[in-house]
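First up is the structure itself, then whatever we jot down about it.
Residue numbering restarts at 1 for every chain, and letters A, B, ... go by the order of the sequence lines.
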Number of protein chains: 2
Amino acid sequence: MRRYDDGMAFVPPPASVTVDLVALTVHQGGLAALLVRRGEAPYRGRHALPGGFVRQREDLDQAAGRELAEETGLAVDGVYVEQLASYGHPRRDPRGRVVTVAYLALVPGAPAVRGGGDAARADWVDLDTDAAIPSGLAFDHARILSDGVGRARAKLEYTPLATVLCLPEFTVAELRLVYESMWGVALDPRNFHRKVTRAEGFLEATGRTTGRNGGRPAQLYRRGTARLLMPPMLRPDPS
Amino acid sequence: MRRYDDGMAFVPPPASVTVDLVALTVHQGGLAALLVRRGEAPYRGRHALPGGFVRQREDLDQAAGRELAEETGLAVDGVYVEQLASYGHPRRDPRGRVVTVAYLALVPGAPAVRGGGDAARADWVDLDTDAAIPSGLAFDHARILSDGVGRARAKLEYTPLATVLCLPEFTVAELRLVYESMWGVALDPRNFHRKVTRAEGFLEATGRTTGRNGGRPAQLYRRGTARLLMPPMLRPDPS
DNA sequence: CCAAAAGTGTTTCAATTACACCCATGA
DNA sequence: TCATGGGTGTAATTGAAACACTTTTGG
């Protein structure tokens with residue numbers, strides 16, 4: 001931090017800035033999060049969110065994309081990334097004052113991941129039972145993960161975000177599975193079908209069908225052009 | 001940043017962290033934001049959001065509350081504050097690498113404010129016409145202000161947040177004015193009344209009335225106990 | 001033909017809209 | 001008693017939930 005005005009230059013307290021990622025996917029009918037094993041101190045050997053220090057000439061969003069690629073080997077395109085929140089408790093990191101900017105990443109299809117950088121290894125970890133977030137996460141990462149899952153669940157209600165958890169072409173049943181996995185509820189297939197196919201700009205028909213499974217082949221769809229904020233979305237009873 | 005493990009200690013890039021506040025209120029039937037005149041370089045004399053450096057032993061939320069009090073003289077209790085987003089473009093601040101964590105504050109009643117700290121003066125500035133955000137704001141504060149207004153508008157749709165823009169006791173008409181000011185639309189007074197008084201936990205009757213104006217005295221209400229996430233909220237046609 | 005999954009039609013019910021109407025006060 | 005804003009009743013419309021039923025495939 002260089003001086004700016006006069007001899008009385010105020011020196012701001014030094015800090016470091018990291019990014020951490022809550023990367024979620026739908027995996028065998030359940031929600032899963034991407035966790036790494038830390039290869040370095042502190043918290044060496046513990047589960048943690050992928051992430052790391054922001055570089056000198058890097059924007060926060062860039063840093064998030066870079067860390068995702070470095071520590072997990074995922075290609076950034078095809079992954080939806082948005083900023084989640086920042087965490088800055090003075091003693092959240094034993095190395096000193098570290099403020100982290102957390103990102104939420106939604107990854108279609110649970111692709112294979114590999115470790116890299118600070119991460120000894122990276123894996124998709126199931127979050128089946130509601131509060132079954134792996135205990136013993138490094139730093140305040142349990143809290144961040146929990147916030148990320150909450151944000152993702154909430155946003156499915158009023159945005160067309162569920163489509164980013166599907167591969168580029170998908171069936172209505174696959175899309176329904178995303179909602180059911182994220183919320184842990186069963187949705188009526190008939191009503192769900194009508195709702196998503198009627199919603200303007202939500203889905204775009206490809207004309208093709210798929211026929212792998214036992215029954216009638218399903219239509220294949222692409223993500224529609226509608227971007228965020230699409231209020232009349234679906235949601236089970238608030239019970 | 002002290003060393004942690006061995007002689008190879010990685011030195012993270014130094015940075016500073018600030019908090020900035022988008023403080024909004026409803027003022028004479030319109031939305032207004034709190035802006036300061038900067039008393040120090042850089043951008044001395046320009047409009048800016050209130051804010052400043054986070055101290056060494058301070059959590060981010062604490063820093064936001066402290067800056068709000070210091071630069072504007074507002075008491076923090078009675079003001080709703082939530083984290084908005086973080087901004088970290090490498091050259092967003094000419095003094096060096098400064099990442100800012102922005103907060104959204106909703107202030108009832110447009111109370112008088114005064115400058116203090118880095119702020120030469122502080123004032124409520126009307127945001128009448130949609131994009132009439134004062135040009136020439138310091139740093140990237142125009143963008144941050146715009147994001148804050150967007151967040152506040154969106155959240156009225158699906159949370160009972162509008163009540164925090166009213167004084168502790170308020171009438172249904174005053175609450176309606178908040179929605180109308182924030183969205184720039186007219187709402188049907190009759191239907192609005194039913195909706196908010198029926199909604200479970202939204203309002204709490206005090207039993208008292210007010211009779212200052214020309215017509216029938218209105219019931220006075222307090223904020224109900226319902227906290228965030230209350231989906232069936234009100235919203236004009238998506239036109 | 002049967003099982004299985006996709007997709008449609010129809011009834012029922014609840015929420016929202018539009019608007020006529022009544023209530024309580026000050027001048 | 002009139003103007004003014006507060007508050008209620010009610011019919012028409014819309015959207016969601018429940019579920020019977022038809023369609024299209026593989027064995």
Just how far, in rounded Å, is [atom2] of [N] from [atom1] of [X]?
X         : N       : atom1 : atom2 : answer
Phe192(B) : dT8(D)  : CZ    : C1'   : 17 Å
Leu220(B) : dG6(D)  : CG    : P     : 12 Å
Asn191(B) : dT13(D) : CG    : P     : 16 Å
Leu175(B) : dG6(D)  : CG    : P     : 13 Å

Where the side chain of [X] is concerned, which of [options] is the nearest nucleotide?
X         : options                  : value
His193(B) : dT10(C), dG7(D), dG7(C)  : dG7(D)
Arg194(A) : dT10(C), dA6(C), dT17(C) : dT10(C)
Asp188(A) : dG7(C), dA17(D), dA18(D) : dA18(D)

- Message: For the CZ atom on Arg92(B), are there more than 12 heavy atoms of other groups (residues, nucleotides or ligands in this structure) within a distance under 6.0 Å?
- Response: yes

- Between Tyr87(B) and Phe139(B), does the ring centroid distance fall short of 6.0 Å? no

- Item | Phosphate-side-chain proximity, Lys195(A) and dA17(D), N/O vs OP1/OP2 below 4.0 Å | yes

- Using a 4.0 Å cut-off on protein heavy atoms (strictly under), produce a 5'-to-3' string for nucleotides 20-27 of chain D with B for base contact, S for backbone-only sugar-phosphate contact, and - for none. BB-BBBS-

- Toward the 5' end of DNA chain D, which comes first, Arg176(B) or Arg198(B), by nearest nucleotide? Arg176(B)

- Please determine if Arg222(B) and Glu169(B) form a salt bridge, counting it only when a charged side-chain N lies under 4.0 Å from a carboxylate O. yes

- Query: So, are Asp147(A) and Arg143(A) salt-bridged, with charged N and O less than 4.0 Å apart?
  - Reply: yes

